[in-house]
Undergrad: 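I am attaching a structure below and will ask some questions about it afterwards.
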Amino acid sequence: MKRAILPALGLLVIANFVGYAVVGENGVLSWGDYRRAKAEKAAQLAQLQTERDRLQHRAQLLDPRNVDPDLAEEMVRRNLGLVRPDEVIVELPADPAAAPAVAPRR
């Protein structure tokens, strides 16, 4: 009986490591979760890169050495509230997807 204790203990330790390798937090069965999380992070990265490119383009338009006159006028009018008497202000939603659908005229 004493001769079987050491091999049995060794098998238990090995079985423990194999169990963690298969079903543990970083085991074989968690690879699907890693792939799903990677796909989500890739989509988030693409969205953030698009936003970064948009902001970088806007910053280039505001470069003091070469300011875009239309953008500068738009920003001054918006921030200071300057409107000429003969102008009509039409507010547009910032997100085109949030704009209400307009029914066609009959």
Side-chain angles (χ1 to χ4, degrees):
M1 181 77 169
K2 286 189 176 187
R3 288 179 51 186
I5 291 177
L6 283 177
L9 186 60
L11 284 175
L12 285 174
V13 170
I14 291 172
N16 184 35
F17 284 121
V18 169
Y20 278 114
V22 173
V23 294
E25 186 177 317
N26 295 320
V28 174
L29 297 181
S30 65
W31 283 354
D33 292 337
Y34 285 134
R35 276 189 247 134
R36 180 187 51 76
K38 181 181 175 187
E40 288 175 2
K41 295 295 182 185
Q44 184 181 14
L45 176 63
Q47 181 182 10
L48 289 173
Q49 285 174 337
T50 302
E51 178 69 10
R52 182 201 61 205
D53 292 342
R54 185 187 72 77
L55 290 173
Q56 188 175 26
H57 179 259
R58 189 158 176 103
Q60 287 174 352
L61 291 176
L62 293 173
D63 182 19
R65 291 167 279 163
N66 189 18
V67 176
D68 180 37
D70 293 332
L71 181 60
E73 180 182 1
E74 173 191 336
M75 290 184 69
V76 167
R77 287 173 173 265
R78 184 182 324 123
N79 293 337
L80 299 178
L82 299 175
V83 179
R84 285 184 250 146
D86 62 338
E87 290 181 332
V88 177
I89 298 174
V90 178
E91 291 287 329
L92 298 176
D95 185 13
V102 178
R105 292 186 180 180
R106 293 181 188 181

Undergrad: Give a yes or no on this: more than 12 heavy atoms of other residues, nucleotides or ligands lie within 6.0 Å of atom CZ of R52.
TA: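 More than 12 heavy atoms, drawn from other residues, nucleotides or ligands, come within 6.0 Å of this atom.
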Undergrad: Answer yes or no: does atom CD of Q60 have more than 12 heavy-atom neighbours from other residues, nucleotides or ligands under 6.0 Å?
TA: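 Yes - once you tally the heavy atoms of other residues, nucleotides and ligands closer than 6.0 Å, there are more than 12.
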Undergrad: In terms of heavy-atom contacts, does OH of Y34 have more than 12 from other residues, nucleotides or ligands at under 6.0 Å?
TA: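 Counting other residues, nucleotides and ligands, OH of Y34 exceeds 12 neighbours.
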Undergrad: Less than 4.5 Å apart, any side-chain heavy atom of L45 and any of K41?
TA: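 Result no, sub-4.5 Å side-chain heavy-atom pair not found.
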Undergrad: Report, as yes or no, whether the 6.0 Å neighbourhood of atom CD on Q47 holds more than 12 heavy atoms from other residues, nucleotides or ligands.
TA: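 Atom CD in Q47 is not crowded, with 12 or fewer foreign heavy atoms closer than 6.0 Å.
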Undergrad: I need the single residue from V22, V23, N16 that forms a side-chain contact (heavy atoms from CB on, under 4.5 Å) with Y20. Which is it?
TA: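 The single option meeting the side-chain contact (heavy atoms from CB on, under 4.5 Å) with Y20 is N16.
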Undergrad: Give every donor-acceptor pair under 3.5 Å between a side-chain atom in residues 65-77 and any protein atom, sequence neighbours left out.
TA:
residue, atom, partner, partner atom, Å
R65, NH2, D63, OD1, 3.4
D68, OD2, L71, N, 3.4
E73, OE2, R77, NE, 3.0
E73, OE2, R77, NH2, 3.4
E74, OE2, R78, NH2, 2.5
R77, NH1, E87, OE1, 2.7
R77, NH1, E87, OE2, 3.2
R77, NH2, E87, OE2, 3.4

Undergrad: Would you give the length of the straight line joining atom OG1 of T50 to atom CG of L55, rounded to the nearest 0.5 angstrom?
TA: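 Reported to 0.5 Å precision, the distance equals 11.0 Å.
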